[in-house]
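Nothing here was measured: the structure is a model prediction, and the numbers come from that model. Computed from heavy atoms alone, side chains included, the values below leave out hydrogens, waters and symmetry copies.
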Amino acid sequence: MGIASRFKEEKFLVVALVVAAIAYFLEHAVIEMGRGVALIAAAGLVGTIVLASIRVAHHAELLAVKVGDPYGTMILTLSAVAVEVIILAIMMSGESSPTLVRDTIYSALMLDINGILGLAALLGGLKHGEQPYNDNSGKTYGVMILTAMGISMIVPEFVPSDKWHYYSAFTIVAMIALYGLFLRMQVGQHSYFFSYSYPRSERKKESPHTHGPDESAAISIATILVGVVIIGLLAEFMAAFMTEGLRDSGAPIAVTAVVVAAISAAPEILTALRAALRNRMQATVNIAMGASLSTVILTVPVMEAIALYTGQPFIMAMTPVQTVMVAITLIAAAINLNDGETNAIEGMTHFILFATFVMLTALGL
């Protein structure tokens, strides 16, 4: 593929780079124009970041097709989490709420499990009925998410403020240990937990051409890295515009967290829905539950390390409302993902929980 064709193929990333350059030169002028203009600029940057994220996810999906499950969905979720961590790190370096990290992780959990998995299981169930997957994956993801959330976002409520740095360091070690063992399971002797052998007739329907042209792994990896850098640049300007636009507006603090979580989840939503509608629920479960686990278990140690480095702790303990919503979500997921099949009713239960999350956020809870 020639250079001109390559640029045409990656037009979203080219547009994102141009937008980043424009934002660089007009940043101060936009902020001086007032809150309304800043919010419009922030919304435009959010849309641009989503477009760039979709291209990153596309190349991650190409790599995923090449290597297959469980490596494939691991690449997809890691690319999304990388985008989220970069945006969070940039936003936390400026004027932001001390609860931003907590609220973003909470929002990501609601989006991934209740939003993505719920909608995918609902639509897939309405089209195909009961959709099979490996129930070992659901159980493993569920207990790992519960443990990681409990350690990092429930227990901190009981840690004295003068000893936060000790527990913060412990949390980093605990998350790394959990994820290290999880990776060994996922790509080692228990890799079959996260894969499902579909009937041969269904495998034939899954043509490789549905994922786009065949490209070398090196090109996909390079494009992912370039895309993540561009997203980081855009996120820096988006943070400045959003902070200015929401200043003294009375909008719920959690709005920013929801935006960050939605940006990283946008490409996953498309991939998970496509998989569910093709009756490949294993990929959907891996993406939704894997993204939730990766968000908690990777975002927490990075952000806690930043807190230790700067000496400024974040508020990680969830509010009572958040704790109840997470508990209901994980209990529902444990029940629904226990039998190796999803259906529309199970999808609807999670989607209603997602609607509840949206309502609570709108109410500022």
Side-chain angles (χ1 to χ4, degrees), residues 56-57 59-86 105 108-109 112-113 116-117 132-155 167-198 217-218 220-221 224-225 228 264-265 268 271-272 275 280-305 308 326 330 333-334 337-338 340:
V56 170
H59 284 279
E61 193 172 356
L62 290 178
L63 287 176
V65 171
K66 291 178 184 295
V67 299
D69 282 331
Y71 302 94
T73 48
M74 185 171 66
I75 292 172
L76 285 169
T77 55
L78 286 178
S79 65
V81 172
V83 169
E84 184 172 87
V85 169
I86 288 172
I105 294 174
L109 189 77
D112 290 331
I113 299 180
I116 296 177
L117 183 60
Y133 65 94
N134 189 338
D135 61 336
N136 284 316
S137 58
K139 295 173 184 176
T140 303
Y141 280 126
V143 71
M144 291 285 288
I145 294 170
L146 176 62
T147 302
M149 289 290 288
I151 290 173
S152 62
M153 298 179 68
I154 296 178
V155 174
Y167 192 78
S168 183
F170 165 77
T171 302
I172 293 173
V173 174
M175 295 297 106
I176 292 174
L178 275 173
Y179 197 63
L181 180 60
F182 175 75
L183 279 183
R184 182 174 178 180
M185 285 184 59
Q186 194 174 27
V187 302
Q189 59 184 347
H190 291 92
S191 61
Y192 66 91
F193 277 20
F194 308 94
S195 60
Y196 184 83
S197 180
Y198 293 97
S220 291
I221 293 172
I224 290 172
L225 294 176
V228 168
S264 64
E268 295 171 341
T271 306
R280 300 182 68 81
M281 185 51 66
Q282 183 62 56
T284 300
V285 171
N286 284 353
I287 290 170
M289 299 296 284
S292 298
L293 177 61
S294 297
T295 296
V296 183
I297 219 165
L298 293 179
T299 304
V300 167
V302 172
M303 302 312 295
E304 291 285 10
L308 287 174
V326 168
L330 293 179
L337 298 178
N338 190 51

Legend entry - Separation between OG1 of Thr284 and CG of Leu117, rounded to the nearest 0.5 Å: 7.5 Å
Legend entry - Atom of Thr147, atom of Val143 and distance for their closest heavy-atom approach: OG1-O, 2.8 Å
Legend entry - Over all atoms of both residues, closest heavy-atom pair of Pro301 and Val296: CD-O, 4.1 Å
Legend entry - Matching residue for Met149 among Ile297, Ile105, Leu293 - test: side-chain contact (heavy atoms from CB on, under 4.5 Å): Ile105
Legend entry - Distance-minimising heavy-atom pair for Tyr167 and Ile151: OH-O, 2.6 Å
Inset, instruction - Using atom types as modelled and distance alone, determine if a side-chain donor or acceptor of Gln282 lies under 3.5 Å from a backbone N or O of Asn134. - result: yes
Legend entry - Side-chain donor or acceptor of Thr171 paired with backbone N/O of Ser152 under 3.5 Å: no
Legend entry - Side-chain heavy-atom pair Ile172, Ile176 within 4.5 angstrom cut-off: yes
Legend entry - Donor + acceptor pair across side chains of Glu304, Ser168 (<3.5 Å): yes
Inset, instruction - Mind checking the OH-CG spacing from Tyr133 to Asp135? Nearest 0.5 Å is all I need. - result: 6.5 Å
Inset, instruction - Working to the nearest 0.5 Å, report the span between OG of Ser294 and CG of Asp112. - result: 9.0 Å
Legend entry - Met289 side, atom CE; Leu337 side, atom CG - distance, nearest 0.5 Å: 5.5 Å
Legend entry - Closest non-hydrogen atom pair, Phe182 against Thr140: CE1-CG2, 4.3 Å
Inset, instruction - Report yes if some heavy atom in the side chain of Leu330 is under 4.5 Å from a heavy atom in the side chain of Ile113; otherwise report no. - result: yes
